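Here is the structure we will look at.
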Amino acid sequence: MHQIIIKGVNSARLLTGKNISSQQLGRVIPRNVKQFSSLLNNTKATKTQKKTFSIINRAIKREQNNTAISIENVYCYHLIVVVGATFESSSERFRAGTLFRNTWNHQFRNLSKSYCGKMAPILAPTVKLNNGYEMPVLGLGTYESKDNEGEIAVKHAIDVGYRHIDTAYFYKNEAEIGKAIRDKIAEGVVKREDIFLVTKLWSIHHEPERVEGACRKQLQLLGLDYIDLYLMHLPVAYKYVDEDTLLPKNEDGVLQMTDADYLDTYKAMEQLVKLDLVRSIGVSNFNSEQLQRVLDNCEIKPVTNQVECSPALNQRKLTQYCKERGVTLTAYCPLGRPRPAENKPDFCYSEKTKALAEKYKKTPAQIILRYLVDIGTIPIPKSANPQRITENFNIFDFKLSEEDIATMDAFHTGERLVPFNLIKGQNHKYWPFNIEF
C-alpha cells in the first residue's frame with residue numbers, strides 16, 4: 001500500500017504540474033467516493049484506468065472501516081482517487097495527465113465546490129458514563145495554559161481530533177478555552193454536542209450557597225450554555241475572600257481553610273444538573289472513603305474521580321474500586337511533568353520504555369498514554385505544543401500486550417507530584433492522602 005501512496009502522490013504532482021505535498025492536496029477530498037466514481041464513468045477514461053479506480057475505491061472503503069488507520073493515509077488514498085489513481089508506467093501517467101487536464105478540470109472544480117472538504121479526523125473511543133453520556137477516553141489538559149496559549153492549543157487539538165477538553169476555574173483560562181471552542185463551532189469544524197467540556201468548582205466556592213453562582217460565572221466566562229462535566233476540584237474548602245483570591249493566606253503565609261463538608265457541596269452541585277447548567281457531575285482528588293461517602297449519600301452519582309495518575313502512581317486499586325461502583329477514573333499528570341534535563345521521571349526516560357517505543361514504532365509518551373488507557377483510566381495530558389498535542393493523540397492504532405503492561409506496572413512507586421502539602425501541613429480532616437487509595 002505504501003507504493004500505491006507514492007505513485008498516487010507522483011500522479012498528483014504530474015496532473016497539477018506543481019510540486020506540492022500530499023498533505024496540502026489531501027485537504028480537498030471527496031466526501032462520497034460513489035459520487036466521484038459516477039463522475040468518472042461519464043469521462044473518456046480507459047478500461048484500465050477505470051479498473052485502477054475501482055481497486056483504489058475498494059481499498060479506501062476497507063481502510064475507512066479500520067479505526068487503526070492514520071489520518072495521513074486516508075488523505076493519501078482519497079488523494080489517489082481525486083487526481084488520477086496509480087499508473088504502472090510514466091507514459092501511462094503522462095497520458096492520464098493529458099486526459100484529466102483536458103476533460104476533468106472543469107468537472108473537478110465543480111465537484112470540489114459541491115462534494116469536497118477536509119476529511120473529518122479520527123476520534124478517540126468513548127466510554128459510557130453511569131448516566132448514559134459518552135466521554136472520550138483521552139482529553140487535553142489545559143493547566144497553566146494562559147495568555148492565548150490555551151486558545152491556540154485547544155483549536156489545534158480540536159482539528160487533530162480531541163473532543164474532550166479539561167479546564168478549571170483555578171486555571172484562570174476558561175474564557176480563552178471557551179473562545180476556542182466557540183470559534184471551532186462557528187467554523188463548522190464541530191458542533192457543541194461533539195465537545196465534552198470539563199471544568200471544576202474551586203475550593204473557595206464550597207459553601208452550598210456559592211455553588212450555583214460560581215457555576216453560572218464559569219458558564220459566562222466560557223460563553224457556553226452548559227458544561228458537560230463539572231467536578232469538585234478538591235474535597236477541602238478554602239476561606240472565601242473574593243473571586244480573585246484563589247489561595248487565601250494569612251499574614252504568615254498560611255493557607256486559610258474551612259471545615260465545610262464536601263458532601264454539602266456535592267448536594268449543591270446536584271442542583272446544577274436539575275437546572276440544566278451541567279450534564280454530569282463528579283469529584284477530583286478524592287480517596288476511596290471520600291468517594292464512598294458521596295456514593296452513599298448522593299441523589300446523582302458522580303461519573304468520574306479525577307486524580308493524579310501515571311506509571312509512577314498507577315492508581316490500580318482506586319481504578320478498580322471506582323469501576324466496581326460505576327465511576328470512571330480520569331488521570332491528570334499522566335506523563336509526570338517530564339524534565340528532560342534531569343531525565344525525569346524515570347518511566348519517561350527508562351530504557352525499558354524506549355524499548356517498547358521501538359517495538360511499537362511509537363514515542364515513549366505514546367507508550368505511557370496507551371498504557372493508561374489499557375489499564376482503564378482516562379488520561380488528560382497537558383500540552384501547548386502542537387506537535388506534542390498531535391503525538392499524544394496518536395495512540396489508537398495499537399494496544400500493549402499483557403507482558404508490556406506488566407513492564408509499565410513495574411514503574412509504580414506511589415510517589416506523588418501533587419501531594420497538596422499546604423493542606424497536609426495543617427492536618428486538615430479532609431486531606432485525601434492519609435490512606436492507601
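It should be emphasised that the depicted structure is a prediction, and the values quoted were computed from it without experimental measurement.
For the residue pair Asp166/Tyr143, the side-chain donor-acceptor check at 3.5 Å is not satisfied. If you check the side chains of Tyr332 and Asn285, you find a donor sitting under 3.5 Å from an acceptor. A donor and an acceptor atom, one from each side chain of Gln292 and Tyr321, are located under 3.5 Å apart. Side-chain polar atoms of Gln387 and Glu391 form no donor-acceptor pair below 3.5 angstrom. Checking Ser145 against Asn173 by side-chain atom types alone, no donor-acceptor pair falls below 3.5 Å. Side-chain atoms of Thr377 and Thr319 form no donor-acceptor pair, as typed in the model, at a separation below 3.5 Å. A side-chain N or O of Asp404 and one of Ser401 form a donor-acceptor pair less than 3.5 Å apart. Of the N and O atoms on the side chains of Thr330 and Gln306, not one donor lies less than 3.5 Å from an acceptor on the other residue.
Here the CG-CD distance, from Leu400 to Glu403, works out to 11.0 Å after rounding to the nearest 0.5 Å. Distance CG/Asn385 to OG1/Thr390: 8.5 Å, rounded to 0.5 Å. Between the CG atom in Leu422 and the CD atom in Gln256 there is a gap of 11.5 Å [rounded to 0.5 Å]. The line from CG of Leu231 to OG of Ser284 is 6.0 Å long, rounded to the nearest 0.5 Å. Atom CG of Leu140 sits about 9.0 Å away from atom CD1 of Ile158, to the nearest 0.5 Å. Separating the CD1 atom in Ile177 from the CG atom in Leu224 is a distance of 11.0 Å, to the nearest 0.5 Å.
With Ser203 contributing its side chain and His233 its backbone, the two residues share no donor-acceptor pair below 3.5 Å. A distance-only check finds no donor-acceptor pair linking the side chain of Arg370 to the backbone of Lys399 [under 3.5 Å]. Although no hydrogens or angles enter the test, the distance criterion places a donor-acceptor pair under 3.5 Å between the side chain of Thr265 and the main chain of His206. Between the Glu342 side chain and the Arg339 main chain, no donor and acceptor come within less than 3.5 Å of each other. Remark: side-chain polar atoms of Thr245 are not paired, donor with acceptor, to backbone N or O of Pro248 under 3.5 angstrom. The backbone N or O of Glu174 sits nowhere less than 3.5 Å from a side-chain atom of Gln218 that would complete a donor-acceptor pair. A distance-only check finds a donor-acceptor pair linking the side chain of Lys200 to the backbone of Thr167 [under 3.5 Å]. With hydrogens and angles disregarded, no donor-acceptor distance shorter than 3.5 Å links the side chain of Arg416 to the backbone of Gly414. With Asn392 contributing its side chain and Arg388 its backbone, the two residues share a donor-acceptor pair below 3.5 Å. A donor-acceptor pair is defined here as one N or O able to donate and one able to accept, closer than 3.5 Å; such a pair exists between the side chain of Asn130 and the backbone of Pro302.
With a 4.5 Å cut-off on side-chain heavy atoms, Cys298 and Tyr266 count as touching. Using a 4.5 Å cut-off on side-chain heavy atoms (C-beta onward), Tyr238 and Val236 make contact. Looking only at side-chain heavy atoms (C-beta outward), Leu138 and Phe393 come within less than 4.5 Å of each other. At a threshold of 4.5 Å between non-hydrogen side-chain atoms, the residues Tyr162 and Ile389 count as touching. Residues Val373 and Pro125 are not in side-chain contact: their nearest non-hydrogen atoms beyond the backbone lie 4.5 Å or more apart. Put simply, the side chain of Val303 does not reach to within 4.5 Å of the side chain of Met135, judged on heavy atoms. Taking 4.5 Å as the limit, some side-chain heavy atom of Val127 sits within range of a side-chain heavy atom of Ile378. At least one side-chain heavy atom of Val418 sits under 4.5 Å from a side-chain heavy atom of Phe420.
A salt bridge does not link Lys382 with Glu144: every distance from a Lys NZ or Arg NE/NH1/NH2 to an Asp or Glu carboxylate oxygen is 4.0 Å or more. We find that Lys155 and Asp159 are not joined by a salt bridge, their nearest charged nitrogen and carboxylate oxygen being 4.0 Å or further apart. The pair Lys354-Glu351 meets the salt-bridge criterion, since a charged nitrogen lies less than 4.0 angstrom from a carboxylate oxygen. Salt-bridge annotation for Glu193 and Arg279: absent, with no side-chain N of the basic residue lying under 4.0 Å from a carboxylate O of the acidic one. Ion pairing between Lys179 and Glu176 fails under the 4.0 Å rule for side-chain N and carboxylate O. Between Lys362 and Asp397 a salt bridge is recorded (basic side-chain N to carboxylate O distance below 4.0 Å).
Lys323 NZ: 12 or fewer foreign heavy atoms inside a 6.0 Å radius. The local environment of CD in Gln426 is crowded, with over 12 non-hydrogen atoms from other residues, nucleotides or ligands closer than 6.0 Å. No more than 12 heavy atoms of other residues, nucleotides or ligands sit less than 6.0 Å from atom NZ of Lys239. Shown here is Lys274, whose NZ atom has more than 12 heavy atoms of other residues, nucleotides or ligands within 6.0 Å. Environment of CG in Asn427: sparse, with no more than 12 heavy atoms of neighbouring residues, nucleotides or ligands closer than 6.0 Å.
Taking the ring centroids of His205 and Tyr169, they lie under the 6.0 Å cut-off. For Phe286 and Tyr262, the gap between ring centers is short of 6.0 Å.
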- Please walk me through it: do Val307 and Gln315 pass side-chain contact (heavy atoms from CB on, under 4.5 Å)? CA-CA 9 Å; Val307 296; Gln315 300 285 13; 3.8 Å; yes
**OP:** Evaluate the side-chain contact (heavy atoms from CB on, under 4.5 Å) criterion for residues Val273 and Ile281: first the C-alpha distance (whole Å), next the side-chain angles of each, then the deciding distance (0.1 Å), finally the verdict.
**Re:** CA-CA 8 Å; Val273 180; Ile281 52 176; 3.8 Å; yes
Q: Take Asp261 and Lys429, measure what salt bridge (Lys or Arg N to Asp or Glu O under 4.0 Å) needs, and give me the verdict at the end.
A: CA-CA 10 Å; Asp261 191 333; Lys429 62 180 180 179; over 6 Å; no
**Request:** Verify side-chain contact (heavy atoms from CB on, under 4.5 Å) between Leu356 and Met408, making sure each step is shown before the conclusion.
**Result:** CA-CA 10 Å; Leu356 292 180; Met408 297 303 294; 3.8 Å; yes
**Asked** Can Cys348 and Lys344 be said to form a side-chain contact (heavy atoms from CB on, under 4.5 Å), step by step?
**Response** CA-CA 7 Å; Cys348 277; Lys344 295 290 183 180; over 6 Å; no
Quiz prompt | Derivation and outcome, side-chain hydrogen bond (donor to acceptor under 3.5 Å, both in side chains), residues Asp259 and Tyr430 | solution = CA-CA 9 Å; Asp259 289 330; Tyr430 293 144; over 6 Å; no
Would Lys267 and Glu270 count as a salt bridge (Lys or Arg N to Asp or Glu O under 4.0 Å) here? Give the steps. CA-CA 5 Å; Lys267 288 179 179 296; Glu270 290 179 321; 5.0 Å; no
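Ring-plane geometry between Phe433 and Trp431 is classed as perpendicular, the angle between the planes exceeding 60 degrees on a 0 to 90 degree scale with a lower cut at 30.
For the pair Arg210 and Tyr240, the cation-pi criterion (under 6.0 Å, within 45° of the ring axis) is fulfilled.
Scored by the salt bridge (charged side-chain N to carboxylate O under 4.0 Å, His left out) test, Arg192 finds Asp228 as partners (sequence neighbours excluded).
Checked against Pro379 for a side chain to side chain contact (heavy atoms under 4.5 Å, CB included), the options Ile395, Leu369, Val137 give a single hit: Leu369.
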